[in-house]
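To find a chain, count down the sequence lines: A is the first, B the second, and so on, and within it residues start at 1.
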Number of protein chains: 2
Amino acid sequence: MARTQGSHSDITGPRVREAALALFARHGFAAVSMRQIASAVGVQAGALYNYTPDKQTLLYDLMRTHMEDLLAAWDSQTPTGGALGALETFTRFHIRFNTRRADAVFVSYMELRNLSPENFEVIEGLRRDYETRLETILRQGAREGVFAVSEPRIASMAVIAMLTGVNTWFREQGRLSLAEVEAIYWEMVRKSVAA
Amino acid sequence: MARTQGSHSDITGPRVREAALALFARHGFAAVSMRQIASAVGVQAGALYNYTPDKQTLLYDLMRTHMEDLLAAWDSQTPTGGALGALETFTRFHIRFNTRRADAVFVSYMELRNLSPENFEVIEGLRRDYETRLETILRQGAREGVFAVSEPRIASMAVIAMLTGVNTWFREQGRLSLAEVEAIYWEMVRKSVAA
DNA sequence: GATTTAACTGAACACACGTTCAAATCAAAG
DNA sequence: CTTTGATTTGAACGTGTGTTCAGTTAAATC
């Protein structure tokens with residue numbers, strides 16, 4: 001069992017996923033060839049098949065990892081201040097997490113149609129899980145009387161769509177800092193569901 | 001000059017665009033072949049080149065037509081009731097227009113990266129024009145004191161992102177009617193920018 | 001009914017695709 | 001220093017790609 005430690009696969013594996021994510025985000029899954037990914041990593045196309053059974057699974061793994069990271073990151077948050085505090089925590093968390101992983105967010109949203117039906121179901125389930133986290137906050141706030149939302153499920157999708165929209169224009173070096181963007185969106189979110 | 005009236009191109013031309021739009025929306029521009037489009041229309045691939053110089057221009061024309069239709073449709077609206085009335089008109093208009101043209105909206109958003117730089121600039125300019133329509137309403141409302149928006153440009157993108165998000169879940173035969181959806185979103189939009 | 005010509009076919013072009021696999025490579029273990 | 005086997009190469013497989021174009025078809029005009 002030679003080369004179990006420090007073997008190239010420890011390096012090449014992550015690099016394949018990084019290169020694939022960047023290329024899929026820029027050009028789209030269907031427009032990127034295995035040879036392009038291999039070239040970005042610095043290997044021949046055949047070598048990629050040590051790291052993924054096929055192109056479709058490579059995409060699926062990237063999307064699943066992203067969604068699981070998102071859920072795990074949110075679940076490690078510890079909001080305080082009741083439903084209102086939880087909503088603020090969620091708003092700021094979502095903007096911060098998603099702007100830092102723009103490629104993964106983009107791919108996970110745009111390439112759903114390139115997944116097999118079974119893989120699609122898994123990713124869609126994870127997305128629903130995330131939406132439910134926000135829905136739960138809105139539902140609780142509505143019960144407590146601090147929010148006025150007649151349709152918590154739809155409100156949660158509306159808020160998430162608004163927040164994810166930041167990714168289409170936000171640039172690290174832009175006029176507004178991330179903190180300022182968070183503040184602007186938090187004000188809009190807060191008011192949009194206010195009682 | 002025979003066959004100038006009732007010629008097949010009057011029929012085939014629109015059908016090519018319809019088929020391309022539906023296929024691009026479902027599978028993505030890069031994943032759809034000219035032969036697939038031709039097959040959906042009922043002709044051979046070569047015949048498509050009577051209607052478009054190439055595949056890329058076909059996409060561009062679909063996107064440009066959609067954006068121009070959107071702008072023209074909005075510009076034909078006659079909102080009343082000041083900035084608040086205009087915002088309600090915009091909200092309801094955007095939801096109604098976009099849910100009726102889900103394929104075109106989807107393609108116009110997802111396939112921007114498949115446009116040549118020059119074509120991209122045109123489409124992006126039209127999108128900015130549309131955003132400016134809403135921004136103008138928000139700016140006016142802020143000046144009049146009926147809205148509280150510190151960043152009208154960003155607020156307009158936030159609102160549009162939220163409203164366009166309806167397309168990801170709304171189904172004609174679903175639990176909620178379009179009128180109900182409009183009402184839910186109008187309440188959220190109104191409150192989100194309320195003074 | 002002959003003429004005109006828009007519309008379309010069908011084959012071909014050169015190239016790129018995802019994937020496979022025997023052979024070569026080379027770092028670590030003995 | 002030899003052995004081992006994980007890793008990668010490089011060529012090949014069959015299939016599909018966007019696009020071109022000489023030739024065929026058929027509808028409208030005279």
**Prompt:** Any chance the side chains of A:Ser192 and B:Arg190 put a donor and an acceptor closer than 3.5 Å?
**Reply:** no
**Asked** Between A:Lys55 (NZ) and C:dT19 (C1'), how many Å, whole number?
**Response** 12 Å
**Message:** Under the ring pair (Phe, Tyr, Trp, His ring centres under 6.0 Å) definition, can you give me all pairs with a residue in residues 152-195 of chain B, not counting sequence neighbours?
**Reply:** none
Distance-only check: which donor-acceptor pairs under 3.5 Å involve side-chain atoms of residues 114-121 of chain A, not counting sequence neighbours?
| unit_1 | atom_1 | unit_2 | atom_2 | d |
| --- | --- | --- | --- | --- |
| A:Asn114 | ND2 | A:Glu111 | OE1 | 2.7 |
| A:Ser116 | OG | A:Asn119 | N | 3.3 |
| A:Ser116 | OG | A:Asn119 | ND2 | 3.4 |
| A:Asn119 | ND2 | A:Gln56 | OE1 | 3.2 |

**With sequence neighbours excluded, residues passing side-chain contact (heavy atoms from CB on, under 4.5 Å) with B:Ala73** = B:Phe93, B:Phe97
**Prompt:** Which pairs, with at least one residue in residues 11-38 of chain A and sequence neighbours excluded, count as a salt bridge (Lys or Arg N to Asp or Glu O under 4.0 Å)?
**Reply:** none
**Prompt:** Partners of A:Thr57 by side-chain contact (heavy atoms from CB on, under 4.5 Å), sequence neighbours excluded?
**Reply:** A:Thr52, A:Pro53, A:Asp54, A:Asp61
**Request:** Could you check which residues of residues 27-37 of chain A get a heavy atom under 4.0 Å from DNA chain C? Sort them by number, please.
**Result:** A:Val32, A:Ser33, A:Met34, A:Arg35
**Request:** Would you kindly give the CG-to-P distance between A:Asn50 and C:dT20, to the nearest whole Å?
**Result:** 12 Å
**Prompt:** Any side-chain N or O of A:Thr12 less than 4.0 Å from the OP1 or OP2 oxygen of D:dT8?
**Reply:** yes
**Request:** Look at the side-chain N and O atoms of B:Tyr51 and state whether any lies under 4.0 Å from the OP1 or OP2 oxygen of C:dC8.
**Result:** yes
**Item:** Interatomic distance, B:Tyr49 OH vs C:dG10 P [rounded to whole Å]
**Value:** 17 Å
